[in-house]
Amino acid sequence: MTLFLIPIGGGIPAGVLLARSRGIQWPVTMILYLISDVILACLFEPVMLLVIKVGKRSPKVAQFSEAFKKMVKQTTSHYGNRLGPLSLITVSFGVDPMTGRAAAAAAGHGFLIGWMLAITGDMIYFSVLMISTLWLNSILGDGTWTTVIILVLMVVVPILVRRLREAKGAAVK
């Protein structure tokens, strides 16, 4: 579970393969990942609320907070102006659960609903990576190459999708 507590997707393929090598079945691995998301929620929420509170008093923190809001707005701009539940889940899937939670907070969702949306997106992301990792490892039989290939795909596929969308948008104009 320690690998899953690192808030970067790179721990997922390694964690999935490590769990499998230890005889941990995939449903248990998913539960461990869910627990890591709940731990993340309990650690991140107070920090987010503190930054918001301090930001109201400190010009430097307010500046950081505004930059973060701008980043979230830019990241979520292609989902529309008013983010509904599905869009917020998509933000968490496409970025990370902390950004998903920040976007949910900006959309007016409180702790429970906000984190439910963020964790849902993150669990879908985890499921896609877990299935891909287990499938590729069943073909290659080598955990190191499986992890490297999955990590490369995690970086390359979003870039390709973004470029295809941009090209499609440019062709429509």
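Scanning both residues, Leu17 and Gly143, for their nearest heavy atoms gives CD1-O, 3.5 Å. Summarising the geometry of Val91 relative to Gly100, their closest heavy-atom pair is CG1-CA, 3.9 Å, with the distance given to 0.1 Å. Taking each heavy atom of Ala118 and Arg101 in turn, the nearest pair found is CB-N, 3.8 Å. In terms of heavy atoms, Pro97 sits closest to Leu40 at CG-CD2, 3.6 Å. Minimum heavy-atom separation, Ala41 to Pro46: O-CD, 4.3 Å.
Of the possible donor and acceptor atoms, none in the side chain of Ser132 sits under 3.5 Å from a partner among the backbone N and O of Leu129. Of the possible polar contacts, none joining the Ser92 side chain to the Ile89 backbone as a donor-acceptor pair under 3.5 Å is found.
When hydrophobic clusters are built by joining Ile, Leu, Val, Met, Phe, Trp and Tyr residues whose side-chain heavy atoms come closer than 4.5 Å, directly or via intermediates, Met154 is not grouped with Leu164. Linking Ile, Leu, Val, Met, Phe, Trp and Tyr whenever their side-chain heavy atoms come within less than 4.5 Å leaves Leu34 and Ile131 in two separate clusters. In this structure, Leu136 is not a member of the same hydrophobic cluster as Val155, with clusters built from ILVMFWY side-chain heavy atoms closer than 4.5 Å. Linking Ile, Leu, Val, Met, Phe, Trp and Tyr residues whenever their side-chain heavy atoms come within less than 4.5 Å places Val16 and Trp26 in a single cluster. Taking hydrophobic clusters as Ile, Leu, Val, Met, Phe, Trp and Tyr residues chained together by side-chain heavy-atom distances below 4.5 Å, Ile149 shares a cluster with Met130.
The shortest side-chain heavy-atom distance between Arg20 and Asn137 falls under the 4.5 Å cut-off. Contact of the Thr146 side chain with the Pro13 side chain is not registered, since no non-hydrogen atoms from C-beta on lie closer than 4.5 Å. Within the 4.5 Å cutoff, no side-chain heavy atoms of Leu49 are placed close to those of Lys53. Side chains of Asp37 and Phe126 form no contact here, defined as non-hydrogen atoms less than 4.5 Å apart.
How far CG of Leu18 is from OG1 of Thr147: 10.0 Å, rounded to the nearest 0.5 Å. Atom CG of Leu88 and atom CE of Met116 lie 13.0 Å apart (nearest 0.5 Å). The distance from atom CG of Leu112 to atom CG of Leu117, rounded to the nearest 0.5 Å, is 9.5 Å. Put simply, OG1 on Thr120 and CG on Leu86 are 10.5 Å apart, with the number rounded to the nearest 0.5 Å. Taken from OG in Ser127 to CG in Asp122, the straight-line distance is 9.5 Å, to the nearest 0.5 Å. Distance CD1/Ile24 to CE/Met30: 14.5 Å, rounded to 0.5 Å.
Surrounding CE of Met48 are more than 12 heavy atoms belonging to other residues, nucleotides or ligands, all under 6.0 Å away.
Ring geometry for Phe44 versus Trp115: interplanar angle over 60°, hence perpendicular rather than tilted (30 to 60°).
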